[in-house]
Trainee: 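Let me begin by handing over the structure; questions about it come next.
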Amino acid sequence: MRSYRIFSHLAKVLQHNSVKTSTLVGRVQIGWPLISLPVTLSFDGVEGKWGQRLKSYLQKPIQAFVPGPIMGDTSENTSKLDSQTASNQAPVSQGDSKPTERMQTLQEHLTQRTDEHNEEQSRQNTQEPSEASAACSSGQPNTKVQKTDHQEGDGASSSSEQPHKTHLFVEVADHQWPIVYSTEYNIGFLGMEKLHPFDSGKWGKVFQFLREEGMLSEATIVRPLEATEADLLVVHSSSYINSLRWSITVAGITEVPPVALLPNFVVQKKVLKPLRTQTGGTILAAKLAMERGWAINVGGGFHHCSSDRGGGFCAYADITLSIKFLLELGLIKKAMIVDLDAHQGNGHARDFMDMMDKVYIMDVYNRNIYPHDGFAKRGIRRKVELDFFTGDEEYLDKVYNHLKKALEEFEPDIIVYNAGTDCLEGDPLGALSITAEGIKNRDQIVFEFAKKERDKPIPVLMVTSGGYQRNNARIIADSILNLRQKGLIGCQAAEEHQAKRKKKTGSSGSPSSPESATTPSSGASSPTSPTSGEPRRGLLDWFKR
């Protein structure tokens, strides 16, 4: 609406100075537009003694009058306006004082509007930190601030920014599992989410299944907060964050074209806010993993998003952000990404391409499907390319052997495990043929390597990433239950809290310790060979034989 008022005001100024305008359009956002598209500015029919001079003067400065981003504003527009105004003023002869006065009058009007716009944005920005402070329980510092446009070439490797405080690191009680989830994760608006094969409510279903099995409750889950713009700018460029204020941009990232028809404030609330909350959950879970030895974010895993581009339903680079936060906090020096989603993780590969000595990426993916990012492959230290419909035996064998070699080559302080389930047989996008049991065994292999195969266990952060079938949530929940049963994850205080709660209510449920846990109806069983039902103490024992 601000742009509309400014353009209307400019038209009045031109009319006051006897300048006729038949066209005065630009990148205008009137109220909440159905489609937010930049439109070329033009001045047709400009007449008068100094009309052409005014036309050349106005064309570039007027571009500065674009409303600021939804999540806050930077001073870019003001600085651009000042520089453009200085460089684009047309010379006026000394004898022509009337045009000079008119030019000064017009500039004063435009400057006044700019000041009003910046003051309003400044008030909004000062209100946001106070709200965050009220919600903050620990106020742990982070050592990054906003990334400007001239730094956007390598969003993940810059180290010149100053520290900022984040509210994401909330206090976590001893009786809470290091499992992060919020009802804000789930996406839904007028059924549009069904236009994409991704199950945008699977995260809530995972939590519901784990609660039904007696593992989790509302009191033992960790609830994350939404990542703010300052948090996102630790990695993302400001130009990319600003681009998300156009609904058509988000429509391209989510691969749901009708999103382009929605007002951007709806897109921000119904689509991007859940993704920002999941991103905050991944950052929080990374810190929890360092404190507890493991952590799971029920959401996250947006591995197609890098510092300056999104895609494949990935709007924010949560994996890159989680590692950058740990690096900047000094909690780790080196990290390993184990990406077992069926798609190539091109986002974090691009981000860490210049940091391969600190971040080792192992990626197992179907070479024949999206994203076909040849440039990003340069950032993958160990890439394992699969063909269509690869099955359990070949898949698990490659995961085991390559992960073993990766850990021999590189000793990380944390493993960020992208546990996508789109490799499940029947997935319309993953095009692999891994069974539900194969996915559970895969997850078990990763945790066993991190926990049992070394003197000092490696902390593991697990995110759930892709998966495009309605039974993915059940399989994720069963895999987590399997890890708990095998003693690869656990929280004694949470088990005791849950047992006391059940005793008070008189309800029945799963036992209070991993050792005595029973197998759920569709859940975990004893460790088995990937290709047979023979019981084993652990999957790694089977592979060693």
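We number each residue from 1, following the sequence as shown.
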Trainee: Under the 3.5 angstrom rule, does the side chain of Thr249 hit a backbone N or O of Ser243 as a donor-acceptor pair?
Mentor: yes

Trainee: Within the distance-only criterion (no hydrogens, no angle test), does the side chain of His348 pair as donor or acceptor with the backbone N or O of Ser306 below 3.5 angstrom?
Mentor: no

Trainee: Considering non-hydrogen atoms only, spot the tightest contact between Gly299 and Val463 and give its length.
Mentor: O-CB, 3.7 Å

Trainee: Indicate the atoms forming the closest heavy-atom contact of Ile179 with Ile221, along with that distance.
Mentor: O-CD1, 3.3 Å

Trainee: Is any side-chain heavy atom of Val271 closer than 4.5 Å to one of Val250?
Mentor: yes

Trainee: Is there side-chain contact between Phe375 and Arg378, with heavy atoms separated by less than 4.5 Å?
Mentor: yes

Trainee: Should we say atom NZ of Lys377 is surrounded by more than 12 heavy atoms from elsewhere, each under 6.0 Å from it?
Mentor: yes

Trainee: Can you tell me how far the CZ atom of Phe352 sits from the CE atom of Met355, to the nearest 0.5 Å?
Mentor: 6.0 Å

Trainee: Donor-acceptor pair, distance only, cut-off 3.5 Å: does the side chain of Asp427 make one with the backbone of Leu424?
Mentor: no

Trainee: Donor-acceptor pair, distance only, cut-off 3.5 Å: does the side chain of Gln176 make one with the backbone of Thr220?
Mentor: no

Trainee: On the ring face of Tyr240, is Arg309 found with NZ or CZ under 6.0 Å from the centre and within 45° of the axis?
Mentor: no

Trainee: Are the charged groups of Arg350 and Asp308 less than 4.0 angstrom apart, N to O?
Mentor: no

Trainee: List the atom of Ile380, the atom of Ala349, and the distance in Å for their closest heavy-atom pair.
Mentor: CG1-CB, 4.1 Å

Trainee: Could you check whether any side-chain N or O of Ser479 sits under 3.5 Å from a backbone N or O of Ile475, counting only pairs where one atom can act as donor and the other as acceptor?
Mentor: no

Trainee: Is the shortest heavy-atom distance from the side chain of Leu326 to the side chain of Met290 under 4.5 Å?
Mentor: yes

Trainee: Please confirm whether the backbone N or O of Ile241 pairs with a side-chain atom of His236, one donor and one acceptor, at under 3.5 Å?
Mentor: no

Trainee: OH/Tyr365 to CG/Leu432 distance, rounded to the nearest 0.5 angstrom?
Mentor: 12.5 Å

Trainee: Applying side chain to side chain contact (heavy atoms under 4.5 Å, CB included) to Tyr370 and Leu429, what does each step give before you reach the verdict?
Mentor: CA-CA 8 Å; Tyr370 176 90; Leu429 300 182; over 6 Å; no

Trainee: For His343, check side-chain hydrogen bond (donor to acceptor under 3.5 Å, both in side chains) against everything at least two apart and list the hits.
Mentor: Asp341, Asp422

Trainee: Are Val364 and Asp339 close enough, and set up right, to give a side chain to side chain contact (heavy atoms under 4.5 Å, CB included), and what steps lead you there?
Mentor: CA-CA 6 Å; Val364 182; Asp339 193 339; over 6 Å; no

Trainee: For Ala285 versus Asn297, what's the shortest heavy-atom pair and its separation?
Mentor: CB-CB, 4.2 Å

Trainee: I'd like to know if the side chain of His167 reaches the main chain of Glu226, judged simply by a donor and an acceptor atom lying under 3.5 Å from each other, with no hydrogens or angles considered.
Mentor: yes

Trainee: Report yes if some heavy atom in the side chain of Leu261 is under 4.5 Å from a heavy atom in the side chain of Ser247; otherwise report no.
Mentor: no

Trainee: What's the shortest heavy-atom distance between Asn186 and Gly204, and which atoms?
Mentor: OD1-N, 3.0 Å

Trainee: For Tyr181 together with Phe207, are the ring centres under 6.0 Å from each other?
Mentor: yes

Trainee: Does the side chain to side chain donor-acceptor pair (under 3.5 Å) test come out yes or no for Asp231 and Tyr316, once each step is laid out?
Mentor: CA-CA 11 Å; Asp231 296 322; Tyr316 303 108; over 6 Å; no

Trainee: Which heavy atom in Gly300 sits nearest to a heavy atom in Gln278, and how many Å separate them?
Mentor: N-OE1, 2.8 Å

Trainee: So does Glu218 get a backbone contact from the side chain of Arg223, meaning a donor-acceptor N/O pair under 3.5 Å?
Mentor: yes

Trainee: Atom CG of Leu272 and atom CG of Leu232: how far apart are they, to the nearest 0.5 Å?
Mentor: 10.0 Å

Trainee: With distance as the sole test, does Asp373 use its side chain to make a donor-acceptor pair with the main-chain N or O of Ala376 at under 3.5 Å?
Mentor: yes

Trainee: Would you check, one step at a time, whether the test side chain to side chain contact (heavy atoms under 4.5 Å, CB included) holds for Val180 with Val298?
Mentor: CA-CA 6 Å; Val180 182; Val298 174; over 6 Å; no

Trainee: Flag the pair Phe313 / His304 as yes when their ring centroid distance falls below 6.0 Å, and as no otherwise.
Mentor: no

Trainee: Taking atom OG of Ser322 and atom CD1 of Ile414, what is their separation to the nearest 0.5 Å?
Mentor: 7.0 Å

Trainee: Check whether any side-chain heavy atom of Trp203 sits under 4.5 Å from a side-chain heavy atom of Thr464, and report yes or no.
Mentor: yes

Trainee: State, yes or no, whether a side-chain contact exists between Tyr417 and Trp294 at a heavy-atom distance under 4.5 Å.
Mentor: no

Trainee: Give the intermediate values and the outcome of side chain to side chain contact (heavy atoms under 4.5 Å, CB included) for residues Tyr360 and Ile337.
Mentor: CA-CA 6 Å; Tyr360 184 109; Ile337 299 173; over 6 Å; no

Trainee: Does any non-hydrogen side-chain atom of Tyr185 lie less than 4.5 Å from one of Pro274?
Mentor: no

Trainee: Would you give the length of the straight line joining atom CG of Leu168 to atom CG of Leu225, rounded to the nearest 0.5 angstrom?
Mentor: 6.5 Å

Trainee: Check this for me, if you would: do Glu184 and Arg276 make a salt bridge, where the nitrogen-to-carboxylate-oxygen distance has to be below 4.0 angstrom?
Mentor: no

Trainee: So, taking the atom named SG in Cys314 and the one named NE2 in His303, what distance separates them when rounded to the nearest 0.5 Å?
Mentor: 5.5 Å

Trainee: Can a side-chain donor-acceptor contact be found between Thr279 and Thr282 if the only test is distance below 3.5 angstrom?
Mentor: no

Trainee: Taking the side chain as every heavy atom from C-beta outward, state whether Pro224 and Ser182 have any atom pair closer than 4.5 Å.
Mentor: yes

Trainee: Taking Lys273's backbone N and O only, do any of them form a donor-acceptor pair with Thr277's side chain (distance below 3.5 Å, no angle check)?
Mentor: yes

